[in-house]
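Note sheet for the following structure.
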Amino acid sequence: MTQRNQRKYVPHLPSMQALCELNYSHVLRILPDCDTEDLSYEFSVGVGLSYEIRIVESARYTSTLSIKQTTKDMPSYLTPSMTVRLYHDARMAEVINSQNTGALEPSYEYPNLKMRQRNEKHMVNIFLAEWLNFCLQHSSNVTSEA
């Protein structure tokens, strides 16, 4: 085997910050009351596809959201879930946990034991942006607030 000369992945902070700012603005459009703890919203899209956003924790400068797909006919390991931290003072939203795997590092050496991508955190935040955009396109289908 030959050893490849690989440089360590360094996150591009301006693009990550822009992505987190975009995610924050999308979250506020979906959940205007995101500073109320123990509030949850459910979305239904099409037949059998449903999502839940729950406000787990709320403080003066931060809120923590749990976002998950709640489709009943699919195994839990195939349904997306993530924990998102909102930083109200910085107006940013960042994924801090995805698929219940623990805190995400800014970058990973590859290969690694958990087989995470070198830019896993950035990719998960891109997924959140795409998911929030999907919710905004179907925002008229909010089925309940509890």
Side-chain angles (χ1 to χ4, degrees), residues 6-46 48-146:
Q6 291 186 353
R7 294 175 34 191
K8 181 179 177 179
Y9 169 77
V10 178
H12 187 253
L13 293 180
S15 64
M16 186 66 168
Q17 182 177 0
L19 181 59
C20 290
E21 288 171 352
L22 175 71
N23 286 342
Y24 184 84
S25 69
H26 285 344
V27 167
L28 287 187
R29 287 179 57 198
I30 294 171
L31 305 176
D33 192 21
C34 64
D35 59 351
T36 305
E37 200 167 333
D38 295 328
L39 191 64
S40 66
Y41 294 84
E42 294 179 9
F43 300 88
S44 293
V45 182
L49 185 58
S50 57
Y51 298 95
E52 177 188 64
I53 300 177
R54 190 168 46 90
I55 302 170
V56 179
E57 179 182 23
S58 186
R60 184 174 182 179
Y61 297 110
T62 62
S63 296
T64 305
L65 309 177
S66 167
I67 300 175
K68 64 182 177 179
Q69 184 175 336
T70 57
T71 306
K72 295 185 181 2
D73 296 336
M74 195 172 289
S76 62
Y77 63 89
L78 290 178
T79 57
S81 67
M82 63 185 81
T83 305
V84 176
R85 173 93 20 94
L86 303 178
Y87 301 98
H88 301 297
D89 54 344
R91 302 188 57 77
M92 297 174 76
E94 172 187 33
V95 177
I96 58 174
N97 180 340
S98 177
Q99 298 302 105
N100 300 316
T101 59
L104 293 168
E105 297 293 326
S107 67
Y108 293 93
E109 294 295 324
Y110 193 82
N112 55 67
L113 292 175
K114 295 184 179 180
M115 293 307 291
R116 291 189 174 168
Q117 295 297 313
R118 294 162 51 107
N119 61 346
E120 184 92 8
K121 185 168 193 155
H122 190 82
M123 297 305 292
V124 171
N125 278 284
I126 289 173
F127 175 77
L128 174 62
E130 292 173 352
W131 185 83
L132 290 170
N133 188 45
F134 175 79
C135 286
L136 285 170
Q137 290 175 353
H138 298 90
S139 62
S140 61
N141 296 339
V142 175
T143 56
S144 70
E145 299 177 29

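Values below: every heavy atom of this structure, side chains too, minus hydrogens, waters and symmetry copies.
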Between P106 and P11, the two heavy atoms sitting closest are O-CG, 3.6 Å

Exam field: side chain N23 to backbone N125, donor-acceptor pair closer than 3.5 Å = yes

Do the side-chain N and O atoms of S63 and H88 include a donor-acceptor pair separated by under 3.5 angstrom?
-> yes

Interatomic distance, Q17 atom CD to L13 atom CG [nearest 0.5 angstrom] = 8.0 Å

May I ask you to say whether K121 pairs ionically with E94, meaning some side-chain N is under 4.0 Å from a carboxylate O?
-> yes

Atom pair CG (N112) and CD (E120), whose distance is rounded to the nearest 0.5 Å = 8.5 Å

I would like to know whether V95 and L104 meet side-chain contact (heavy atoms from CB on, under 4.5 Å); could you show each step before the answer?
-> CA-CA 8 Å; V95 177; L104 293 168; 4.0 Å; yes

Are I67 and W131 close enough, and set up right, to give a side-chain contact (heavy atoms from CB on, under 4.5 Å), and what steps lead you there?
-> CA-CA 10 Å; I67 300 175; W131 185 83; 3.4 Å; yes

For the atom pair CG (D73) and OG1 (T71), what is the distance rounded to the nearest 0.5 Å?
-> 8.0 Å

H122 versus L19: any side-chain heavy-atom pair under 4.5 Å?
-> yes

Would you check if V84 and L128 make a side-chain contact, meaning some heavy-atom pair closer than 4.5 Å?
-> yes

Contact check, side chains of Q99 and P80, non-hydrogen atoms, under 4.5 Å | yes

Distance from R85 atom CZ to T62 atom OG1, nearest 0.5 Å?
-> 6.0 Å

Do Y110 and R118 have a side chain donor and acceptor closer than 3.5 Å?
-> no

Mind checking whether H26 and L136 have side chains closer than 4.5 Å, heavy atoms only?
-> yes

Any L86 side-chain heavy atom under 4.5 Å of V27 side chain | yes

So which heavy atom on Y87 is nearest to which on Y24, and how close?
-> O-CE1, 3.9 Å

Would you check if R91 and L28 make a side-chain contact, meaning some heavy-atom pair closer than 4.5 Å?
-> yes

Got a second to check how far N133's CG is from Q137's CD, nearest 0.5 Å?
-> 4.5 Å

Y41 OH to I53 CD1 distance, which is reported to the nearest 0.5 Å | 9.0 Å

Ignoring hydrogens and angles, state whether a donor on the side chain of S66 or T83 is under 3.5 Å from an acceptor on the partner side chain.
-> no

